[in-house]
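First up is the structure itself, then whatever we jot down about it.
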There are 2 protein chains.
Amino acid sequence: MTNKPTIQDVAKKANVSVATVSRVINEQGGVRKPTEERIKQAIKELRYVRNAVARSMVRKETKTIGVIIPDICNPFFPEIIAGIERKAIGADYSTTLSSSNESKKIESKIIQSFVERGIDGVIITTADENGEHLQPLFDANIPVVAVDRAIKHFDVDTVLTGNREGAYEAVRHLIMQKHEKIAIIRGPQDTTPGLERYKGYCQAMEEYGLPIKEEWICDGDFMEDSGYELTKKLSTCKEMPTAIFSSNNLMSIGAIKALYDMSWVLGKEVSFVGFDDIDIATFTNPPLTVVSRPMRNLGELAFQLLFERMKQDPLVKNQKREFIVTPHLIVRQSCKRSVY
Amino acid sequence: MTNKPTIQDVAKKANVSVATVSRVINEQGGVRKPTEERIKQAIKELRYVRNAVARSMVRKETKTIGVIIPDICNPFFPEIIAGIERKAIGADYSTTLSSSNESKKIESKIIQSFVERGIDGVIITTADENGEHLQPLFDANIPVVAVDRAIKHFDVDTVLTGNREGAYEAVRHLIMQKHEKIAIIRGPQDTTPGLERYKGYCQAMEEYGLPIKEEWICDGDFMEDSGYELTKKLSTCKEMPTAIFSSNNLMSIGAIKALYDMSWVLGKEVSFVGFDDIDIATFTNPPLTVVSRPMRNLGELAFQLLFERMKQDPLVKNQKREFIVTPHLIVRQSCKRSVY
DNA sequence: CACTAAAATCTAAACGTTTACATTTTATAA
DNA sequence: TTATAAAATGTAAACGTTTAGATTTTAGTG
């Protein structure tokens, strides 16, 4: 088949200039009705499709946002993406998705590719919260919104959860059930969620004068396998915990599987609270008590912040904004009152 | 800050032409060592970043694939995307993601946007298998690979699952457990998975001379709520089924919730097999017997097929290819032998 | 040294749109 | 009817890269 029709072809057919066609395509007004009709007819007959690449070159914007997440298969992130996308579509933005698999190196490559492609803005849950590797984005004046994990090295708009608060409530709930020996499966301490949730755990324990034994602190990596292995390891504790607080959803899944494999009776021999609600939480026996947060709203808020930044003059330095969404505890039945 | 440096600036600084700089950037050879070093030094000093948009205009390729799925929060699709992305990255492609939310209208808008943006290829799980609304992709000579759902109106490469085969094995398993009254929660009959899985159910029932009562056939929409409502509705059957086969993961979740809410004892009062394995399946009590398939491999295969198409001359008409990935049954404990 | 062939490098058009400024057309008022 | 202002439309440069074909430089041979 022949080459695709261009705006030039439409102009020729409608007997006008390309500027006039451009005015009609972009609905800018300033074109007489009969002229407009002729142009629209020509577009239809030629089956003209505008070329967004050419437009991007002139306008220096691509109407595309980049989303960088660590793990698409963690149920948390699809919810975030659903929220972002719902808003992005309404604003005529396309969403380019990339997963870093918790690798700073891969993330750097993604960022380089995004800058080259002229991405207008980026929403990121970074693999490395230091964030120095995000320098190319700032060099290119590309606005960034961080979700769930903060970025230390730059001032960027951030959407977080009240991690400490949520963890505090979770551990406090266990304490109110008379648990005194509470273990934590914490996330990487160089991440905001990992660190803050751990702090929430410590705060609750200290507030009630409870000991924090070294062997009760298990260092996970937010992945299911680490939750599994660390929970199994808990069985070798000198002083067995009677309750476990897990810092994220996948580690919770792993932990529950380990409890099952060790024939520890959830809700009886050991109580459990996890951070982040997922479908599975209602299916475990008994259903899990969890810290929940509105994931789609997080995504929508992230896009909203980014959208405002993309509309702004990049040279105007505005104060960074930080939103902290409050999680809440959903009490199901995985916490039994301790009879000690 | 001043405008970003262009290839022109690099050329000036290195005392060469833009063509020579382009040769170095694209590693095309034919440049003397000292010249190459000067150019690389200039790139570094100017912090030059190549402009992929300009390149796309000249080359008429964007190194971007579009992925259109119905529902990002269905755990099936993140796995597919993980598979696609793993391959895409290796081939230097970016992945633009869009969810249609099972809406043909939204899907048409996504397609229009993808065509305008010069997307090089599309992987789609379409909202409407007739597929006529995909016409703009074919008009634009954009290769398409269909995943999980076929496209009737065009010949496109397709990656499917042995839906009928998987459903047949699932239902047969129930029959071998002496179940004779088996209900199905089927997906939309205008979709390949919906229809083929229903056919597999029928084939198994007919093969063993078992009746298929109208009231045992429940029409769902692949979403959790439909699984829930339809399972509840089963309690009003004149002739109560003793087993349920659910045609997808989310409807299985809904169904299990309904059984729980109705206090039907899973694995005792009713047996259950679902299509697609998900984490939840191991957590229900008892854990679910399911039809499983290698989702990441589906994604990788889809990208592979698309990649080959994108490399091909679009005017060369090759035979469409169809791959059918064989699912397998994972027997857990949600099927109790019927004592009838 | 001269000639020729090969290698290296350069020139400038092309890709398709947008838009600033120029030109033409139209409408209105005197 | 003429003049002027406003509206409509046109012209051509710009955006930043790639590359075909031209030109220059270099290497090798007689």
Side-chain angles (χ1 to χ4, degrees), chain A residues 2-40 42-43 46-64 92 113 115-120 140-141, chain B residues 2-40 42-43 46-64 92 113 115-120 140-141:
Chain A
T2 65
N3 273 334
K4 298 184 193 92
T6 69
I7 198 169
Q8 207 96 359
D9 300 313
V10 175
K12 250 180 204 159
K13 194 172 184 67
N15 260 332
V16 291
S17 70
V18 295
T20 305
V21 178
S22 180
R23 283 191 189 93
V24 168
I25 286 168
N26 291 296
E27 299 177 354
Q28 282 166 341
V31 180
R32 279 165 160 223
K33 263 297 185 193
T35 308
E36 185 178 347
E37 292 308 315
R38 279 206 325 280
I39 290 170
K40 284 181 168 172
I43 287 173
L46 291 168
R47 286 171 167 222
Y48 166 74
V49 174
R50 65 207 289 181
N51 184 321
V53 173
R55 182 175 211 269
S56 294
M57 250 198 78
V58 176
R59 301 279 298 177
K60 298 197 180 195
E61 74 178 351
T62 54
K63 284 288 198 176
T64 302
D92 280 321
S113 172
V115 173
E116 289 184 4
R117 289 166 181 278
I119 288 266
D120 295 335
N141 282 326
Chain B
T2 64
N3 273 333
K4 298 183 193 91
T6 67
I7 198 169
Q8 207 96 356
D9 300 313
V10 175
K12 250 181 205 158
K13 194 171 186 70
N15 260 333
V16 293
S17 72
V18 295
T20 305
V21 178
S22 181
R23 282 200 186 87
V24 168
I25 288 168
N26 291 297
E27 298 177 354
Q28 283 166 339
V31 180
R32 282 169 160 215
K33 262 301 183 187
T35 308
E36 185 178 346
E37 294 306 318
R38 276 205 328 279
I39 291 170
K40 284 180 166 173
I43 287 173
L46 290 169
R47 289 169 163 223
Y48 166 74
V49 174
R50 64 207 287 184
N51 184 322
V53 173
R55 180 174 212 270
S56 294
M57 250 198 76
V58 177
R59 301 279 299 176
K60 299 197 181 195
E61 76 178 348
T62 55
K63 286 289 199 171
T64 302
D92 280 321
S113 173
V115 173
E116 288 183 3
R117 288 166 182 280
I119 288 262
D120 295 335
N141 281 327

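Proteins get letters first, then strands, A, B, ... in listed order; numbering begins at 1 in each.
Among the heavy atoms of the strands lying under 4.0 Å from A/Val18 is at least one base atom, whether or not backbone atoms are also near. Residue contacts shown for B/Thr6 are limited to sugar-phosphate atoms, with no base heavy atom under 4.0 Å away. Contacts of B/Ser56 with the nucleic acid, taken as non-hydrogen atoms under 4.0 Å apart, are absent. A/Gln28 comes within 4.0 angstrom of sugar-phosphate atoms only, judged by non-hydrogen atoms across all strands, and of no base. Within the 4.0 angstrom heavy-atom criterion, no nucleotide atom of any strand lies near A/Asp9.
Here C/dT17 presents its C1' atom at 9 Å from CD1 of A/Ile25, a figure rounded to the nearest Å. To the nearest angstrom, C1' of C/dC10 lies 12 Å from CD of B/Gln8. The nearest whole Å value for the distance from the CE atom in A/Met57 to the C1' atom in D/dA14 is 8 Å. Taking atom CD1 on A/Ile7 and atom P on D/dG10, their separation rounds to 12 Å, with Å as the unit. Computed from coordinates, the A/Glu36 CD to D/dT9 C1' distance equals 14 Å when rounded to whole Å. When rounded to the nearest whole Å, the span between NZ of B/Lys12 and P of D/dG16 equals 12 Å. One atom, NZ of A/Lys4, and another, C1' of C/dC15, lie 12 Å apart when rounded to the nearest Å. Nucleotide D/dG10 holds its P atom 9 Å from the CG atom of A/Asn15, rounded to whole Å.
Comparing C/dT18, D/dT18, D/dG10 by their nearest atom to the side chain of A/Arg50 picks out C/dT18. Comparing D/dC15, C/dC10, D/dT9 by their closest approach to the side chain of A/Arg32 singles out D/dT9. For A/Arg23, whose side chain is taken as the heavy atoms from C-beta onward, the closest listed nucleotide among C/dT17, D/dT9, C/dA14 is D/dT9. Picking from C/dG16, D/dT9, C/dT9 the nucleotide with the shortest atom distance to the side chain of A/Asn51 gives C/dG16. When the nucleotides C/dC15, C/dT17, D/dC15 are ranked by their closest atom to the side chain of A/Lys60, D/dC15 comes out on top. Of the candidates C/dT17, D/dT18, C/dC10, the closest approach to any side-chain atom of A/Tyr48 belongs to C/dT17. Side-chain proximity of B/Arg55 to the nucleotides C/dT9, D/dT18, D/dG10 is greatest for D/dT18.
Proximity of A/Ile43 to A/Ile25: side-chain heavy atoms (C-beta onward) are separated by under 4.5 Å at one or more points. Looking only at side-chain heavy atoms (C-beta outward), A/Val31 and A/Thr20 come within less than 4.5 Å of each other.
For the OP1/OP2 pair of D/dG10 and a distance below 4.0 Å, the side-chain nitrogens and oxygens of A/Thr20 include at least one atom meeting the criterion. Distances shorter than 4.0 Å separate some side-chain N or O of B/Ser22 from OP1 or OP2 on D/dT18.
The one candidate from B/Glu36, B/Arg38, B/Arg23 that meets the side-chain contact (heavy atoms from CB on, under 4.5 Å) condition with B/Val16 is B/Arg38.
Annotation: B/Gln28, atom CD; neighbour count of heavy atoms from other residues, nucleotides and ligands within 6.0 Å is above 12.
Remark: the backbone N or O of A/Ala52 is paired with a side-chain donor or acceptor of A/Ser56 at under 3.5 angstrom. The main-chain N or O of A/Lys63 is found under 3.5 Å from a side-chain atom of B/Arg117 such that the two form a donor-acceptor pair.
Between B/Ala54 and B/Ser17, it is B/Ser17 whose nearest contact on DNA chain C lies nearer the 5' terminus.
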